[in-house]
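Please read the structure below before turning to the comments.
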2 protein chains.
Amino acid sequence: MPKSGARLKDVAELTGFSVNTVSLALRDSPRIPDDTRDRIKAAADQLNYLPNQVAKSLVSRETRAIGLILTDMQNPILTNVAQSVERKLAARGYTTLFATSNNNQEEEVRMIDAFRARRADGMLIFPFRHGDLDHIRRLRNNNYPVVLLVGDLDAGIDAVSMDERAGASKATGHLLATGHRRIALIDGGSALGNPEKMDGYRSAHQAAGIPVCDELLINPAGHSVETGYWAMDLLVKSRHDFSAVFATNDSLALGIIRYCKKHAIKVPEDLSVVGFDNTEFGAFAETALTTVSYDVERITSLAVDRVLDLIAHKTGLPDPRIIQLEPDLLVRESSAKAASAQ
Amino acid sequence: MPKSGARLKDVAELTGFSVNTVSLALRDSPRIPDDTRDRIKAAADQLNYLPNQVAKSLVSRETRAIGLILTDMQNPILTNVAQSVERKLAARGYTTLFATSNNNQEEEVRMIDAFRARRADGMLIFPFRHGDLDHIRRLRNNNYPVVLLVGDLDAGIDAVSMDERAGASKATGHLLATGHRRIALIDGGSALGNPEKMDGYRSAHQAAGIPVCDELLINPAGHSVETGYWAMDLLVKSRHDFSAVFATNDSLALGIIRYCKKHAIKVPEDLSVVGFDNTEFGAFAETALTTVSYDVERITSLAVDRVLDLIAHKTGLPDPRIIQLEPDLLVRESSAKAASAQ
DNA sequence: CCCGGTTGTATTAACGTTCGCCCTGAGACA
DNA sequence: TGTCTCAGGGCGAACGTTAATACAACCGGG
């Protein structure tokens, strides 16, 4: 801490009151007469006094800080969530501590411990592996307020999220309904233990009575636009037939469209492309992206409310509540009827 | 703080040693014999002890936390910077406190105070108004380590940034050199007191001996893709002639291209578009964007080094150092020779 | 056998706040 | 005059840690 600035003690010495009186005055205690309060406040201003939140936290045993753990900040939807969370927390007087696990389980654990050491009052987490939550459950069992931002219905941990399974199912269903029969899936999640979107993809096929072809399941080497581009390259070079691609986020989908442009594949005439998350870059892409909505405002609003609510429960956490929001399919320009169905 | 977990005292009681011995042992003091140390560490593990960083900060007078203030998290280049800063700081044992000013001077001041109250050891700031830095200079004069992420050569504050003026000049110069004579500028910065890019635009014109037409200067209502779209709408409806547009960030440029697509303006045949920042979304856009580079890695690396360096100066800050990196122009598909010059 | 130096551990005070309780003086009231 | 009440304010402890110092036991050397 740089030259720590003025302390209560300094204000006390300047005004001649005791530290205690100064503290009370600055917090507008009714026990302090108006003119005393005004004199003290004037002195505090003069010294540019700012209460030391560290000392305050030590005695009050709360930091008014919430940890937010993201898997990655390249994904615009995550940064939108981060911004929204930060603003909502700031409005309630909380600071956001923020870390990225960089899609790495060990980092995630390390970050959680770092926040715990800093005594963050609670945490909001995008877990890296949705199915591997023991470390987080342990937190909760220790009475630590945690809210996940992906839903695992039986993890026993509070969560607020979009229903990714339903969203993927809707997206796939849309393609099937428009006559596509061989739909590639570009999904980095399932290999990492996050099967929700692939589940939705499969269930839509099943509901339509159409088999899934495993050779159309591609695992990109990441979640970025560029990895989408190269995943498409892989897919095309595998020489399997397909008329549509469902990518599990908008960035991947945009990379796919870029690939198509470079290789003279027309979207949507030759190939339909569907993304996920409804980012601005997809909505205003040259070929506007068909995608699945992500309700940033509602998610963050519910999640922030929930974690603050958990914090307010001084004596033991209530039973976990899992909220899954139903996403909408947004049909735009990147998908169309299959040629064979026209 | 949720049920605060085990304290030094608890470990002490469990092992029979004093609090002080436990503290020493856990920090591997040479004064503690090996078997004592091991017994104490085992007990600490058993209790799931984690040192209370709040108490530690109070006595050590350092928090090992750095505040990062962004203007806005929708801009991918800022989130890239944020991620990079966070990772570099984490590697050095620092936590990132993070806030967005949401392009609002009052918020910026509020956030700075919040970080100051939390005794962040230093701050990295993207100031909202590059020319209005009194509140930040005051910090520095108070011996607070601050590094700006935009460069103001004579603010008297440390800074690391791209040379935006030079970048804008290169971009404009490229358009002029390829025969464009009426180049629109879509720039939200100059109206807010950040004139660097417009300065570069003007100086390139001057160097080429070509006058700037004020009717081609458009102020978009933000920095997003959508605001780029609507700024273009405004520009087109103004019915002035132009053959190129320089937008001050990639998002705006992408919005412009979307507009063109929808209104049958061919890019680059009918219109050249140049962006700024070199985001992935521009690089892999359907029409790959000509843009100006932003060296995230170098900027964050220099900025983090610098702020840590300032923190290490216990006795007074050294003279400010301003580093401006020279950006490169990346010519891609969205710009081409002016039709009249072909 | 005493002295000085190790070695291992304990005691105490700080860091800047807040909280609970106590003290003092003045006026009200019997 | 003595007692009570209340307003205004002070004192000391606590939060969990670290740093400085103190102490106690042991050891070897003269």
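Chain A is the first sequence line, chain B the second, and so forth, proteins listed ahead of strands; every chain is numbered from 1.
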Open item on the list: Looking at A:N20 and C:dG20, is any side-chain donor or acceptor paired with a base atom of the opposite kind under 3.5 Å?
Closed with: yes
Open item on the list: Side chain of B:L58 only, heavy atoms from C-beta on: which candidate in C:dA10, D:dG16, C:dT18 is closest?
Closed with: D:dG16
TODO: Specify the separation, in whole Å, of atom CD1 of A:I40 and atom P of D:dG9.
DONE: 8 Å
Open item on the list: If we count only N and O atoms by modelled type, under 3.5 Å, do the side chains of B:R119 and B:S57 hold a donor and an acceptor together?
Closed with: no
- [ ] Return yes if some donor-acceptor pair links the side-chain N/O of A:N80 with the main-chain N/O of B:Q74 below 3.5 Å, else return no.
- [x] no
Open item on the list: Given C:dG16, D:dT17, C:dA10, identify the nucleotide with an atom nearest to the side chain of B:L8.
Closed with: D:dT17
Task: Partner of B:V307 under side-chain contact (heavy atoms from CB on, under 4.5 Å), chosen from B:V146, B:V147, B:D121, B:D158 - done: B:V147
Task: Among C:dT11, C:dT18, D:dC15, the one nearest A:S23 by side-chain distance - done: C:dT18
Open item on the list: Nearest heavy atom decides the nucleotide; on that basis, is B:R31 or B:Y49 closer to the 5' end of DNA chain D?
Closed with: B:Y49
Open item on the list: I want to check one thing: is the phosphate of D:dG16, taken as OP1 and OP2, less than 4.0 Å away from some side-chain N or O of A:R61?
Closed with: yes
Task: Listed nucleotide nearest any side-chain atom of A:P33, set D:dG9, D:dA19, C:dG16 - done: D:dG9
Task: Side chain of A:T36 (C-beta onward), nearest among C:dT17, D:dG9, D:dC15 - done: D:dG9
Task: Given DNA chain C, 5'-ward residue of the pair B:G16 and A:K9, judged by closest heavy atom - done: B:G16
